[in-house]
2 protein chains.
Amino acid sequence: MKRKVTLKQISKELDVSISTVSKALRNSKEISEDTREKVQAFAKLYNYRPNNIALSLKNRKTKTIGIIIPEIVHHFFSKVIRGIELVANKHGYNVIVGLSNESFDKEVINMEMLANGSIDGFILSISKETLLQQDYHHFNETISQGMPIVMFDRVINDIKCDKVIVDDVQGSKKAVNKLVENGCKKIAIITTKDYVSVGKLRTQGYLEALDENKIHPEADLILKVDDKLVSEDYLDVLEREIEHLFKSNKKLDGVFAVNELYAITAMKVARKFGKHIPNDIQVIGFTDGVLSKHATPSLTTVSQHGQKIGEKAAELLIHKLEHEDEEEQFQTVVIETELVERESTK
Amino acid sequence: MKRKVTLKQISKELDVSISTVSKALRNSKEISEDTREKVQAFAKLYNYRPNNIALSLKNRKTKTIGIIIPEIVHHFFSKVIRGIELVANKHGYNVIVGLSNESFDKEVINMEMLANGSIDGFILSISKETLLQQDYHHFNETISQGMPIVMFDRVINDIKCDKVIVDDVQGSKKAVNKLVENGCKKIAIITTKDYVSVGKLRTQGYLEALDENKIHPEADLILKVDDKLVSEDYLDVLEREIEHLFKSNKKLDGVFAVNELYAITAMKVARKFGKHIPNDIQVIGFTDGVLSKHATPSLTTVSQHGQKIGEKAAELLIHKLEHEDEEEQFQTVVIETELVERESTK
DNA sequence: ATTCGCAACGAAAACGTTTTCGTGTTAACA
DNA sequence: TGTTAACACGAAAACGTTTTCGTTGCGAAT
């Protein structure tokens, strides 16, 4: 087992100083061609690679991006990571991942672990618990220590950082408008409680679209599911609530669900009630995951372009990291959604 | 913007030496209670946290695990990551993720990036291209430099490292036996080309199970899909090949697919041919993902327990890292599969 | 003969820790 | 009074780099 070779070892071996070795390897003109070749040959032979940690310490840059997300077993988030990793790697950055598991404490702990020198900046999406408690001190603290943050998807407006979001309102309007175009008269929305910012915005889009189409919103058609507790029987609860929605609205002919799972479950319930999709009821979801593509019938969705979100977030962060001199100003980039039509609509 | 405070700054501020500050913070008995309290109060006030990079350099340990996987937008791999992250965090480790995207070059580059001091050890699953080329020098080199590796799922036998695998053969036998028990006479397998080790093993399990049940294998019933090129029309090709399988085997009544996508597609084709699932044809997949759970009909699968695989891999690696003195010996842990029965079988 | 400039290299600081090994002061003891 | 031991602290090395600032030797110019 041959340990990694260092400058010091090379210098000892060749009987020159450490500085000479370092300079020779970086092709400094200070060093004679003779010794330069000698050093480089030796380094190549022993497969010398500068130690990243030492470089990080010296440069006070780690070339590493920290990602904090609520959950990784999730199509949207993994797509975002892929996007981040793609552009990060292109710029010579690595990516370190922390999972909050939707918990405030884990979010804080993970951030503290990484903020102490391990990374140059954060890309994150806020956990539900944090959104609920509205305690954002950890974000503000890391920012005030000079570490930039880029938030995506689940963001908070009054935090001084770049943001990448989806045009949730517009996306929802596209969906609802489609349903209206396709002849739906009674359109329900299955959404989350309002503390989840994206849920709130999508609900808003739904309401605006109804308004623009001169349709009166009905409280009965708005189902706000509480997904605070991800318990074992979560799916059952969800299904029961949707069943209740169907029962109390016999004439329901359109459903807009703010995520894939809600949409799939709605289709399941519809089938249970003997409704044909899309003839009796049309369904549109949000987030373009595997489920939507491979469900039967396949699901029309508002696609979020997770990978593009990740790419943009990484670009923003890296730009900030490599242009620290520029005056501070934060932007919010909106990634366009796209309505992907499949079999669950006419 | 207040930069992170260091020992040196504290020492200057309180007019003591750096050593005194360090010792005071670590509650050394060398330091008088007086100065200890003074230092700790000051440190708390300024929210002092030791710099991870400096610690890494000093201790020659980063407390970070490098993960290299072919793809992150994949239920199985993200579950594994979740498992790794879980136990890594419990032991105070962080997790840094590199994606090979099934490419040999990216795998090598990613490993080199991380191997130069950034991490203490690797957990990885080998890319298809690497498996195809059979070039394993990068694994052997990192190992010979004293950096431990744990491989999971897609592994190579003759590399000196710990491995965590699924009992692919047994799992497949469970599936096929189930189909036989349920009365299937003509059972097909949809699998990958043999260079994907798990595909090969699952095919082997299929054949063994047939043999044990005194069923003659038929070449026509074995469909080996080439997933080397993940092209645009990959799905179409897959579908056509499966259609061909169905056409040339009219009496087909059981399908065992080595992954979720193949299984789902098989069900789709079956429906196209007017076959009812599970009455006419029963289908079993491998890997327990979202698709299986939420498809209609929901899919009976051989569950791999991705999270458990990740947990075990992390345990093995961390044990090796924290007991470097122990004599080298490598183990291969087999994670049991489990047949999860759903609607696609009787 | 003295100065100058250049080529080629080395010493040392710095990044932020921890730890080993002094060192000076004081109090107790012979 | 002189020795010793405990106490409280500081200096310095080490981890592996890069970079600034010497320093040396030597040929050329004055």
Side-chain angles (χ1 to χ4, degrees), chain A residues 3-40 42-43 46-64 92 113 115-120 145-147, chain B residues 2-40 42-43 46-64 92 115-120 145-147:
Chain A
R3 278 237 96 91
K4 298 233 68 177
V5 62
T6 70
L7 289 186
K8 190 193 275 194
Q9 290 167 37
I10 299 183
S11 78
K12 200 170 285 178
E13 212 70 29
L14 296 183
D15 212 41
V16 290
S17 76
I18 297 182
S19 349
T20 304
V21 178
S22 174
K23 288 172 188 165
L25 291 176
R26 321 193 94 238
N27 282 317
S28 159
K29 325 212 68 179
E30 280 186 49
I31 306 299
S32 73
E33 204 165 329
D34 237 32
T35 45
R36 223 189 306 165
E37 281 173 7
K38 200 171 56 176
V39 170
Q40 296 197 358
F42 192 92
Y46 282 86
N47 196 29
Y48 169 79
R49 291 294 137 88
N51 181 303
N52 277 334
I53 295 292
L55 286 179
S56 296
L57 184 59
K58 178 130 210 7
N59 302 331
R60 290 138 119 219
K61 300 213 166 172
T62 61
K63 284 267 184 179
T64 304
M113 261 186 100
N116 302 315
S118 300
I119 60 161
D120 295 339
Q145 279 171 0
M147 178 161 300
Chain B
K2 37 173 188 182
R3 277 239 95 92
K4 296 233 69 175
V5 63
T6 70
L7 288 186
K8 189 193 276 195
Q9 291 167 36
I10 300 183
S11 78
K12 200 169 285 177
E13 211 70 29
L14 297 182
D15 211 41
V16 290
S17 77
I18 297 182
S19 350
T20 304
V21 177
S22 174
K23 290 171 187 166
L25 290 176
R26 322 193 93 238
N27 282 318
S28 159
K29 324 212 69 180
E30 279 185 50
I31 306 299
S32 72
E33 204 162 330
D34 239 30
T35 44
R36 222 190 308 165
E37 281 172 9
K38 201 172 54 177
V39 170
Q40 296 196 356
F42 191 91
Y46 282 87
N47 195 30
Y48 168 79
R49 292 293 138 88
N51 180 303
N52 277 335
I53 296 291
L55 286 180
S56 296
L57 184 59
K58 178 131 210 6
N59 302 331
R60 289 139 118 220
K61 300 212 166 175
T62 62
K63 284 265 182 181
T64 304
N116 302 315
S118 300
I119 60 162
D120 295 339
Q145 278 171 1
M147 177 161 303

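None of these values were measured; they are calculated from a predicted model. Letters go in sequence order (proteins before strands), and every chain restarts at 1.
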Legend entry - Residues that L57(B) engages under side-chain contact (heavy atoms from CB on, under 4.5 Å), provided they are two or more places apart: I53(A), A54(A), L57(A)
Legend entry - Spacing of L14(A) atom CG relative to dG10(C) atom P, expressed in whole Å: 11 Å
Inset, instruction - Under the salt bridge (Lys or Arg N to Asp or Glu O under 4.0 Å) rule, collect the residues that match up with K63(A), sequence neighbours excluded. - result: E322(A)
Inset, instruction - Compute whether any side-chain donor of one residue and acceptor of the other, for K4(A) and N51(A), lie under 3.5 angstrom apart. - result: no
Legend entry - Bend angle of the helix from dA1(C)-dT30(D) to dA30(C)-dT1(D), end axes from five pairs each (to 10°): 90°
Legend entry - Residue pair K38(A) / T35(A), side-chain heavy-atom distance below 4.5 Å: yes
Legend entry - Side chain to side chain, E13(B) and V5(B), heavy atoms closer than 4.5 Å: no
Inset, instruction - Only counting residues at least two apart or in another chain, list the ones meeting side-chain contact (heavy atoms from CB on, under 4.5 Å) with K61(A). - result: N59(A), D120(A)
Inset, instruction - Name the nucleic acid region contacted by S56(B), choosing base, sugar-phosphate or nothing; use a 4.0 angstrom heavy-atom cut-off, strictly under. - result: nothing
Legend entry - Listed partners of Y48(B) passing ring pair (Phe, Tyr, Trp, His ring centres under 6.0 Å), at least two apart: none
Legend entry - Distance in angstrom units between K29(A) NZ and dA7(C) P, rounded: 9 Å
Legend entry - Whole-Å gap separating P (dT25(C)) and CG (D34(B)): 19 Å
Inset, instruction - Evaluate the side-chain proximity of M147(B) to I119(B): yes if any heavy-atom separation is below 4.5 Å, no if none is. - result: yes
Legend entry - d(CZ, R36(B); C1', dC7(D)) in whole Å: 12 Å
Legend entry - B/S/- contact track for nucleotides 15-22 of chain C, protein heavy atom under 4.0 Å: BBBBBBB-
